[in-house]
A.B. asks: 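To start, I am sharing the structure in question, which I have written as structure tokens.
Lettering follows sequence order; numbering is per chain, from 1. Atoms considered below: every heavy atom in the structure, side chains included; atoms not considered: hydrogens, waters and symmetry mates.
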There are 2 protein chains.
Amino acid sequence: MSDLLERLRGRGFRLTAQRRVVAEVLDGDHVHYTADEVLARATARLPEISRATVYNTLGELVALGEVLEVSTDGRAKRYDPNAHSAHQHLVCSRCGSIRDVRPEGDLLSTLPEGERFGFRVSGAEVTYRGICPDCAERRGK
Amino acid sequence: MSDLLERLRGRGFRLTAQRRVVAEVLDGDHVHYTADEVLARATARLPEISRATVYNTLGELVALGEVLEVSTDGRAKRYDPNAHSAHQHLVCSRCGSIRDVRPEGDLLSTLPEGERFGFRVSGAEVTYRGICPDCAERRGK
DNA sequence: GACTACATTAGACACAGTCCAAGTCAAGAT
DNA sequence: ATCTTGACTTGGACTGTGTCTAATGTAGTC
């Protein structure tokens with residue numbers, strides 16, 4: 001994520017303190033924060049940062065393909081910095097925690113021609129659902 | 001969908017005019033209305049029906065497993081009456097229209113053990129994306 | 001160091017959905 | 001057929017998530 005700021009500048013974006021802290025917050029594996037979580041973490045480092053700027057910056061990063069937008073629950077969108085390696089998501093049905101996963105095989109090929117309704121099909125996203133180890137332990141069964 | 005009302009009554013639900021019109025609106029293949037679209041169509045048949053009742057009824061139908069909740073775009077949830085036959089969704093990236101589709105093969109088996117992070121995995125949803133015939137024709141390429 | 005176009009800010013606004021107190025009514029009891 | 005009652009419906013207030021705007025600030029260039 002560190003060279004992300006360089007890539008931004010290369011595309012004509014100004015390097016501001018706000019963009020830097022948003023990029024810093026979105027660093028790591030299995031990171032899937034909501035915009036408000038990003039705002040909270042960014043505020044800890046740069047108290048004056050505003051909500052609008054966080055939304056703006058997240059939108060820019062998504063448009064540039066540096067960050068993925070994920071909506072696994074119909075509530076707030078989540079932002080996934082792991083955009084340069086194709087992956088899907090495994091979500092805990094109890095606590096909502098998310099892991100990045102790599103299925104095997106070609107997803108697109110699972111949709112037969114007779115089920116394509118004339119669409120030019122170009123992509124597929126999978127959300128696997130289950131119970132995470134923590135929840136399984138805490139609530140048994 | 002017609003016997004749905006009987007099933008509801010069998011489960012102790014009162015048969016009201018409001019529930020009837022919501023059930024009627026949610027009838028057909030490839031139907032995926034938002035709550036507001038359901039409200040609009042229900043209002044055409046029963047002008048006094050309220051937004052809260054539409055949301056209540058949709059929630060009941062979902063809880064009973066008679067209707068599926070689908071969120072393909074992070075905006076309003078959509079309601080899919082085709083709940084008794086397993087299927088996935090094919091969504092047009094331009095106009096958002098949705099078709100019900102049946103992939104072949106077992107989705108769960110595409111996630112290798114080493115990618116399960118200790119989760120007990122129980123389900124998977126796929127959203128295929130592409131361009132529908134109408135949009136392909138209208139906007140070329 | 002000054003300039004200026006791009007970026008940030010606070011707050012108003014919009015949309016999707018939930019909650020509540022009061023009134024209404026379906027369906028069983030009589 | 002009417003009564004009774006608890007479930008159902010209603011309108012409106014409220015919450016959470018996200019967008020827009022006008023005014024102000026500032027990164028990068030000269």
Side-chain angles (χ1 to χ4, degrees), chain A residues 4-26 32-43 45-64 66-80 96, chain B residues 4-25 32-43 45-64 67-80 96:
Chain A
L4 167 58
L5 294 168
E6 286 312 308
R7 287 204 292 276
L8 286 183
R9 209 176 49 169
R11 303 215 216 183
F13 282 75
R14 286 189 187 167
L15 242 43
T16 66
Q18 290 83 348
R19 283 176 177 152
R20 181 162 26 250
V21 296
V22 170
E24 284 170 9
V25 166
L26 287 178
H32 307 90
Y33 296 137
T34 64
D36 274 355
E37 288 168 349
V38 173
L39 173 59
R41 284 170 170 77
T43 299
R45 303 176 187 221
L46 184 67
E48 328 83 85
I49 196 170
S50 78
R51 224 160 62 95
T53 295
V54 168
Y55 275 101
N56 287 342
T57 305
L58 290 173
E60 290 157 7
L61 293 175
V62 169
L64 292 174
E66 301 287 349
V67 164
L68 259 31
E69 225 173 41
V70 183
S71 42
T72 52
D73 65 348
R75 315 221 10 112
K77 287 177 191 162
R78 294 180 171 273
Y79 294 89
D80 181 345
Chain B
L4 166 58
L5 294 168
E6 288 310 310
R7 287 204 292 277
L8 286 183
R9 209 176 49 170
R11 303 217 215 181
F13 282 74
R14 286 191 187 166
L15 242 42
T16 65
Q18 290 84 349
R19 283 178 177 150
R20 183 163 25 253
V21 297
V22 170
E24 283 170 10
V25 167
H32 306 90
Y33 296 138
T34 64
D36 274 356
E37 287 167 351
V38 172
L39 173 59
R41 285 170 169 77
T43 299
R45 303 176 187 221
L46 183 68
E48 330 83 83
I49 196 170
S50 78
R51 224 160 63 94
T53 295
V54 169
Y55 274 101
N56 287 342
T57 306
L58 290 173
E60 289 156 7
L61 294 174
V62 169
L64 292 174
V67 164
L68 260 31
E69 226 172 43
V70 184
S71 44
T72 52
D73 64 347
R75 317 226 2 116
K77 289 176 189 163
R78 293 180 172 273
Y79 294 88
D80 180 346

A.B. asks: With a non-hydrogen cut-off below 4.0 angstrom, is A/A76 in contact with a base, only sugar-phosphate, or nothing?
C.D. replies: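 Contact class for A/A76: sugar-phosphate only.
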A.B. asks: So which nucleotide from C/dT9, C/dT8, D/dT9 ends up closest to the side chain of A/R19?
C.D. replies: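 The nucleotide sitting nearest to the side chain is C/dT8.
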A.B. asks: In whole angstrom, give the distance that lies between atom CG of B/L8 and atom P of D/dA7.
C.D. replies: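 To the nearest whole Å, that distance equals 16 Å.
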A.B. asks: Calculate, to the nearest 0.5 Å, the distance between atoms NE2 and OH belonging to A/H32 and A/Y79 respectively.
C.D. replies: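 Rounded to the nearest 0.5 Å, the NE2-OH separation comes to 13.5 Å.
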A.B. asks: Look at the side chain of B/R75 and decide which nucleotide, out of C/dT9, D/dG28, C/dA16, has an atom nearest to it.
C.D. replies: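 Looking only at side-chain atoms, B/R75 lies closest to C/dA16.
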A.B. asks: Could you state the CG-C1' distance from A/L39 to C/dT9, rounded to the nearest angstrom?
C.D. replies: 12 Å
A.B. asks: Write down the distance between CG (B/D73) and C1' (C/dC15), rounded to a whole number of angstrom.
C.D. replies: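 After rounding, the reported distance stands at 13 Å.
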A.B. asks: Does a side-chain heavy-atom distance below 4.5 Å link B/R19 with B/T53?
C.D. replies: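 In short, these two side chains do not touch, never coming nearer than 4.5 Å.
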A.B. asks: When the distance from NZ of A/K77 to P of D/dG16 is rounded to whole Å, what number comes out?
C.D. replies: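 About 19 Å, once rounded to whole Å.
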A.B. asks: Using a 4.0 Å heavy-atom cut-off, does A/T53 contact any base of the nucleic acid, only the sugar-phosphate backbone, or nothing at all?
C.D. replies: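 Base, at least one base heavy atom under 4.0 Å.
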A.B. asks: Go nucleotide by nucleotide along DNA chain D from the 5' end; which of A/Y55 and B/F13 gets its closest nucleotide reached first?
C.D. replies: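 It is B/F13 whose nearest nucleotide is closer to the 5' end.
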A.B. asks: Quickly work out the A/R11 CZ to D/dG28 C1' distance and round it to whole Å.
C.D. replies: 20 Å
A.B. asks: Hey, what do you get for CG (B/L61) to CZ (B/R7), rounding to the nearest 0.5 Å?
C.D. replies: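 Between B/L61 CG and B/R7 CZ, I get 10.0 Å after rounding to 0.5 Å.
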A.B. asks: Is the shortest side-chain N to carboxylate O distance from B/R11 to B/E60 below 4.0 Å?
C.D. replies: no
A.B. asks: Do any side-chain nitrogens or oxygens of A/Q18 fall under 4.0 Å of OP1 or OP2 in D/dG25?
C.D. replies: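 A/Q18 to D/dG25 OP1/OP2: no side-chain N or O under 4.0 Å.
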A.B. asks: Rounded off to whole Å, could you give me the CG-to-C1' distance for the A/L46 and D/dT26 pair?
C.D. replies: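 Interatomic distance, CG of A/L46 to C1' of D/dT26: 14 Å.
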A.B. asks: Counting C-beta onward and ignoring hydrogens, is there a side-chain heavy-atom pair between A/T34 and A/E37 closer than 4.5 Å?
C.D. replies: yes
A.B. asks: For B/E48 and D/dC8, give me the distance from atom CD to atom C1', rounded to whole Å.
C.D. replies: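 In whole Å, D/dC8 C1' and B/E48 CD are 14 Å from each other.
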A.B. asks: Has the side chain of B/R14 got a donor or acceptor atom sitting under 3.5 Å from an opposite partner on the base of D/dC8?
C.D. replies: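 Not at all, since no donor on one side and acceptor on the other fall under 3.5 Å apart.
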A.B. asks: Among D/dG11, C/dA27, D/dG18, which is the nearest nucleotide to the side chain of B/L15?
C.D. replies: C/dA27
A.B. asks: Which sits closer to the 5' end of DNA chain D, A/D36 or A/A52, going by the nucleotide each is nearest to?
C.D. replies: A/D36
A.B. asks: Between B/A17 and B/Y79, which residue's closest nucleotide on DNA chain C lies nearer the 5′ terminus?
C.D. replies: B/Y79
A.B. asks: Have a look at B/R51 and say if it touches a base, only the backbone sugar-phosphate, or nothing, with a 4.0 Å heavy-atom cut-off.
C.D. replies: base
A.B. asks: Could you tell me the separation between the OH atom of B/Y33 and the P atom of C/dA16, rounded to a whole number of Å?
C.D. replies: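 For the pair B/Y33 OH and C/dA16 P, the rounded distance is 17 Å.
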